[in-house]
K.L.:
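Next up is a structure, given as structure tokens.
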Protein chains: 2
Amino acid sequence: MDENNKKILKEGGYRITPQRTQVLCAISTNPQSVEEIYETVSQGTIKTDLASVYRALTLFVKLKLVQAVNFGDGKDRYEILNTHKHHHHALCTRCGKITDVELQDGKKLEREASKKTNYRITGHSLEFFGICHNCCNA
Amino acid sequence: MDENNKKILKEGGYRITPQRTQVLCAISTNPQSVEEIYETVSQGTIKTDLASVYRALTLFVKLKLVQAVNFGDGKDRYEILNTHKHHHHALCTRCGKITDVELQDGKKLEREASKKTNYRITGHSLEFFGICHNCCNA
DNA sequence: CTATTATTGCAAATAATTCGCAATTGTCAA
DNA sequence: TTGACAATTGCGAATTATTTGCAATAATAG
């Protein structure tokens with residue numbers, strides 16, 4: 001597990017357990033759903049319970065080590081936050097691959113939305129759907 | 001119920017029932033969650049079952065009369081599609097109000113994402129969070 | 001190494017969603 | 001308008017998803 005994440009856990013009085021480490025590991029390269037995370041972790045050598053996966057994710061979200069992303073396809077996926085700067089995603093609706101997208105000027109969107117709605121905008125989420133390069137050529 | 005929606009239902013061999021009419025009515029001005037729709041419909045004079053609300057929504061989504069929107073706050077909301085052109089939303093995280101937002105150039109976002117990811121982009125969803133004008137001054 | 005206490009696994013509880021089926025009710029054609 | 005037919009509903013039961021209580025286990029500070 002990433003040193004910074006360890007630090008945040010410790011400072012909160014939380015322990016570094018193999019289960020927590022594995023959950024973070026499972027989503028280290030790609031956002032995954034609860035079920036997928038459970039599958040992945042279960043394939044390793046350490047034993048884990050679904051309830052523990054839920055508990056780990058709930059904790060990580062609270063500590064902002066992880067965030068949920070939703071593509072409107074019915075399931076939430078969980079993504080590591082630490083190293084990333086704010087970004088968006090593209091989901092391949094054929095193979096399920098998720099690719100990060102960094103747009104030129106995300107803040108501009110918020111400014112425009114703020115002007116049009118008269119809200120004080122505090123954040124946004126933007127997800128793209130499409131077909132990835134591999135699937136396009138398959 | 002809107003004439004166009006009636007037509008689409010009929011053409012598919014589906015019937016216009018009070019339950020379906022009420023479900024559409026419940027979301028006619030604002031996107032609502034399943035539970036909220038059920039509450040709203042239940043307050044009227046016609047009797048409805050939660051299962052029927054689920055069934056109506058599933059059907060409407062299949063017929064593209066309605067779409068699910070998700071703000072990442074854990075619940076899906078359902079929104080009428082017919083009259084709307086493609087647009088985005090702002091959710092007031094204090095009072096829950098949802099306001100439509102039409103941005104200058106949504107397609108530009110897709111073009112940029114397409115270029116960066118090498119996906120063939122087929123759609124996107126963009127939701128803003130913030131505090132609405134009323135709540136700001138309350 | 002030990003004591004302390006957070007965390008886990010398990011099983012049971014709760015919540016969310018779906019399904020089977022008999023009763024009801026739109027709809028079409030006469 | 002009426003009757004027949006098939007779609008739809010309500011209800012309860014079945015799934016599925018998520019949460020919780022608790023005794024056993026294990027991480028960590030000293």
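Labels below follow one simple rule: chain letters A, B, ... track the order of the sequence lines, proteins then strands, and each chain is numbered from 1.
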K.L.:
Using whole Å, what does the distance between atom P of nucleotide D/dC5 and atom CZ of B/Arg15 come to?
P.N.:
13 Å

K.L.:
Tell me: NZ of B/Lys6 to C1' of C/dG26, nearest whole Å?
P.N.:
13 Å

K.L.:
Of the listed nucleotides (D/dC11, C/dT7, C/dG9), which one gets closest to any side-chain atom of A/Thr48?
P.N.:
C/dG9

K.L.:
For the pair A/Arg120 and A/Glu110, find out whether any cationic side-chain nitrogen is under 4.0 Å from an anionic carboxylate oxygen.
P.N.:
no

K.L.:
Which comes earlier along DNA chain C counting from the 5' end, the contact point of B/Arg55 or that of A/Thr17, where each point is its nearest nucleotide?
P.N.:
A/Thr17

K.L.:
Could you say whether B/Tyr54 or B/Pro18 is positioned toward the 5' end of DNA chain C, judged by the nucleotide with the nearest heavy atom to each?
P.N.:
B/Tyr54

K.L.:
Any idea how B/Phe71 and B/His89 line up, ring-wise: parallel (<30°), tilted (30 to 60°), or perpendicular (>60°)?
P.N.:
perpendicular

K.L.:
How long is the line joining CD1 of A/Ile16 and P of C/dT7, in whole Å?
P.N.:
10 Å

K.L.:
How long is the line joining CD of A/Gln19 and C1' of C/dG9, in whole Å?
P.N.:
9 Å

K.L.:
What are the two closest non-hydrogen atoms of A/Thr40 and A/Ala26, and how far apart are they?
P.N.:
CG2-CB, 3.9 Å

K.L.:
Is it true that B/Lys7 and B/Glu11 have a side-chain N and a carboxylate O under 4.0 angstrom from each other?
P.N.:
yes

K.L.:
Tell me: CD of A/Glu11 to C1' of D/dT28, nearest whole Å?
P.N.:
16 Å

K.L.:
To the nearest Å, give me how far apart NZ (B/Lys47) and C1' (C/dA23) are.
P.N.:
12 Å

K.L.:
Rounded to whole angstroms, how far apart are CG on B/Asp49 and P on C/dT17?
P.N.:
14 Å

K.L.:
Hey, does B/Arg20 reach any base, or is it just sugar-phosphate, or nothing, if we go heavy atoms under 4.0 Å?
P.N.:
sugar-phosphate

K.L.:
Can you tell me how far P of D/dT9 sits from CG of B/Leu57, to the nearest Å?
P.N.:
11 Å

K.L.:
Among C/dA16, C/dC19, D/dT28, which is the nearest nucleotide to the side chain of A/Lys10?
P.N.:
D/dT28

